[in-house]
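Every chain is numbered from 1, with letters handed out A, B, ... down the list of sequences.
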Protein chains: 2
Amino acid sequence: MTGTFGLVTLYVSADIKNILIILSEKNVIVKQKNVTLADVARADGVSAKTVSRVINNTDYVSAETRSQILQAIDQLGYRPNRMARSLASNRSFIIGLVIPDVTNPFFPEIMRGVEHAALERGYNVLVYNADLDDQRERQGLTLLEETRVDGVIVCTMKLADDELRSCLQRHRASVLINRVMPGGPAGIVRVDLFHSMGRVVQHVLDSGRRKIGYLAANRSVMSYSSQQRLWGFEATMKANGLLVDPDYIRSCAAAVEDSLRTARQLLTDHPDIEALICYNDMIAAGALEACAERGIPVPDQVAVTGFDDIMFSSVFKVALTTVHVPKFELGVRAAQMLFERIDGHPTESEVVLNAELLIRQSTGPRRKEV
Amino acid sequence: MTGTFGLVTLYVSADIKNILIILSEKNVIVKQKNVTLADVARADGVSAKTVSRVINNTDYVSAETRSQILQAIDQLGYRPNRMARSLASNRSFIIGLVIPDVTNPFFPEIMRGVEHAALERGYNVLVYNADLDDQRERQGLTLLEETRVDGVIVCTMKLADDELRSCLQRHRASVLINRVMPGGPAGIVRVDLFHSMGRVVQHVLDSGRRKIGYLAANRSVMSYSSQQRLWGFEATMKANGLLVDPDYIRSCAAAVEDSLRTARQLLTDHPDIEALICYNDMIAAGALEACAERGIPVPDQVAVTGFDDIMFSSVFKVALTTVHVPKFELGVRAAQMLFERIDGHPTESEVVLNAELLIRQSTGPRRKEV
DNA sequence: ATGAAAGCGCTAACAC
DNA sequence: GTGTTAGCGCTTTCAT
């Protein structure tokens, strides 16, 4: 083929589809696109297998051959095709991570933990954000299966036990974060949501408050995590001889806007409320806003608590009392547990990490004179 | 093969490696693992290609055959292998998204936009979080290349122009968010960072303030985005006949903790400061904290501004004046632009979306009596 | 220490 | 409408 581009005439003999022509100011670079293992092998006069040995660091290859191959790889701009590699080896070195909502700062921290542990082991992480939609949860799990990831880490979701179990069953290995599944195929890494919420509630009751509102997070179905926290609340109330009026429990989406609306309504319906216990920090942010709007002093009149200890909980209108959950660590441990399972040597089936009550300004003694 | 498990004797004739035996309380389920297209075809007595037609919805297949195949797929639990599919078709239907920091709520919103647009087009999104590390940025771009994604969307990063250009060059299609690259291979979707920051500064100056501190975000290298915002600040100061004292400009990591430290120091060094202009909302959160610690009233004594309008900026100690950036939209447009490029019909090379000054409580008239 | 051949699961380009 | 034949780019046997 002959073509004239500006002042340059190119003579190209190879397959035209595989040629990449780069024109910069002073020079013309003709490169082959889609360079394959075979191309590298050909350039070096060795077999494909030898090149494969070099890029995978398996078996011995003479130092000389190796460096020559490395050089050719660099020169040709070769990048191994992961798809082909996975297909042939039946291993993708990718793990999947399904999270319900990236916009909740709780999950990005888990992501970071998973990534950290994965990178260390030479794995890559494919993150799927379900965006609070249970249809998307299904889609994510299916996509990851089609991608033939080596394993999946799933954060607490709305999928029912049965469906989730059968989804996980289909994966080579799986780990659940903050969700239990007795007799399920998955490893479990979690904190004790029930008792942690209990500690929050006890802390609030200890300051002499009795009329307690609860802001729950649930749309259609209640997740395991919503359930545990709510039960923790109820159990602690009961343990203190207090009745829980169902009208003091409201639910909303785990987002600032929605919880603000819900908190407003609750405060209007029950102006005598002395504390707002929230499912998580995002909801607590809305609760604090609602109090601020109404000029309700926190904690002098109303105490507010969150859960998770997201990065921003200390800079809210009032620094938030919450439960510090080791998010990064949760991610790291989940990944490690997954690798054990991928390798076929699971040592533990469940790990419970510590979560600690973190007392800041949004709780404390009630000042009656208000 | 014959094996005795408990009371059950199994006679299995197929390849033992491909058998999955599920023992539940009452029954034994023998399933084939790793079901392939060929298995489905065999079960139905049709050719592989016909099955392929059904799962891809290409060409016509008689309704009867189709429903039979669908049934067999369901019964066998078949899941197409994306790796094999990509390898054969040279299309992955995956796009890559590289973001610098998931823990900054700015990026999750972009993610959602990209995902939204991608899902609509049948694409999946592989997110790579560089975790504020330029080495990780490289790794991400390389991983995506090895994965043979159909295109990449890259959010403003620290990689130098030359290196980024050559990375993008290697991809089939690419779009940059909030970063320009003249003559580069990538499409561009951005907001006008320079002028938006200018508007923020003008707004602050208009309230009569003159001693302005600037909290920049940069570690080793300044990103395009850091640069634009800083320049916007400097240009507006100059346009108002004000000198910028370099010691009023400090830089820190874009995280609450670090900006708190930096803001403290700046306020100590220059107690006469009247405003803190921040690179983004996360840094502004730290600035507000520093003011709160010192009992400095905002905005009566010091005004504080952010940039991005992250979800939490309205619930900070003082509701933050900031620039509302259409994050979701940025993601959607970037994805759409990428698809045009993947399809080989790019219509636009650069799109500039509107960003608006959002005035909340952290700015306003200075109250001299303080 | 290196190579040859087969095949991973799928799609593409043709047949029929 | 449906089947056949080749690969896609790599790893795996098994040779040598």
Side-chain angles (χ1 to χ4, degrees), chain A residues 15 17-18 32-69 72-73 76-94 145-150 172, chain B residues 15 17-18 32-70 72-73 76-94 122 145-150 172:
Chain A
D15 179 0
K17 282 194 301 187
N18 274 333
Q32 194 181 348
K33 251 191 137 155
N34 221 348
V35 184
T36 72
L37 227 189
D39 294 323
V40 177
R42 211 172 296 129
D44 271 329
V46 296
S47 77
K49 181 58 201 166
T50 305
V51 179
S52 168
R53 276 173 181 121
V54 170
I55 62 176
N56 289 298
N57 253 319
T58 59
D59 305 341
Y60 285 110
V61 177
S62 76
E64 196 189 357
T65 315
R66 157 176 252 96
S67 78
Q68 274 184 349
I69 290 175
I73 285 176
L76 293 167
Y78 168 70
R79 288 276 189 279
N81 184 327
R82 282 185 162 254
M83 306 281 186
R85 203 199 286 234
S86 302
L87 188 58
S89 66
N90 201 27
R91 290 285 254 109
S92 64
F93 285 95
I94 294 177
E145 192 186 338
E146 290 184 359
T147 307
R148 301 296 192 268
V149 295
D150 292 338
R172 298 230 256 282
Chain B
D15 179 1
K17 281 192 303 187
N18 275 334
Q32 194 179 350
K33 253 191 136 152
N34 220 349
V35 184
T36 72
L37 228 189
D39 294 323
V40 177
R42 212 172 299 132
D44 271 330
V46 296
S47 78
K49 183 58 200 164
T50 305
V51 180
S52 168
R53 276 172 183 122
V54 170
I55 62 176
N56 289 298
N57 254 317
T58 60
D59 304 340
Y60 283 112
V61 177
S62 77
E64 196 189 358
T65 314
R66 157 175 252 97
S67 79
Q68 274 184 348
I69 290 175
L70 252 19
I73 286 176
L76 293 167
Y78 168 70
R79 288 278 189 279
N81 184 328
R82 282 184 162 255
M83 306 281 186
R85 201 198 286 234
S86 303
L87 189 58
S89 66
N90 200 27
R91 291 285 253 107
S92 65
F93 285 96
I94 295 176
E145 192 187 337
E146 290 183 0
T147 307
R148 300 296 192 270
V149 295
D150 292 339
R172 297 229 257 281

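Applying the side chain to side chain donor-acceptor pair (under 3.5 Å) rule to Ser47(A) yields the partners Thr50(A); only residues at least two apart in sequence or on another chain are considered. In terms of the salt bridge (charged side-chain N to carboxylate O under 4.0 Å, His left out) criterion, Arg66(B) has no residue partners (sequence neighbours excluded).
For Ser62(A) and dT2(C), the shortest distance from a side-chain N or O to OP1 or OP2 is below 4.0 Å.
Residues Asn56(A) and Arg85(A) are in side-chain contact: their nearest non-hydrogen atoms beyond the backbone lie under 4.5 Å apart. At a threshold of 4.5 Å between non-hydrogen side-chain atoms, the residues Val46(A) and Ile69(A) count as touching. Put simply, the side chain of Arg91(B) does not reach to within 4.5 Å of the side chain of Ser86(B), judged on heavy atoms. Between Arg172(A) and Asn90(A), the closest side-chain pair of non-hydrogen atoms falls below 4.5 Å. The shortest distance between side-chain heavy atoms of Leu37(B) and Ser52(B) falls below 4.5 Å. Proximity of Asn81(B) to Thr36(B): side-chain heavy atoms (C-beta onward) are nowhere separated by under 4.5 Å.
Nucleotides of DNA chain D that come within less than 4.0 Å of any heavy atom of chain B span, from the 5' end to the 3' end, dG1(D) to dG9(D).
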Scoring nucleotides 6-16 of chain C by protein non-hydrogen atoms under 4.0 Å (B base, S sugar-phosphate only, - none) yields -BBBBBBB---

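Within the structure, no pair that satisfies the salt bridge (Lys or Arg N to Asp or Glu O under 4.0 Å) test touches residues 43-52 of chain A, not counting sequence neighbours.
For Thr147(A) (side chain) and Val149(A) (main-chain N/O), no donor-acceptor pair under 3.5 Å exists by modelled atom type.
At its two ends the helix from dA1(C)-dT16(D) to dC16(C)-dG1(D) runs along axes set 30° apart, each axis drawn from five pairs and the angle rounded to 10°.
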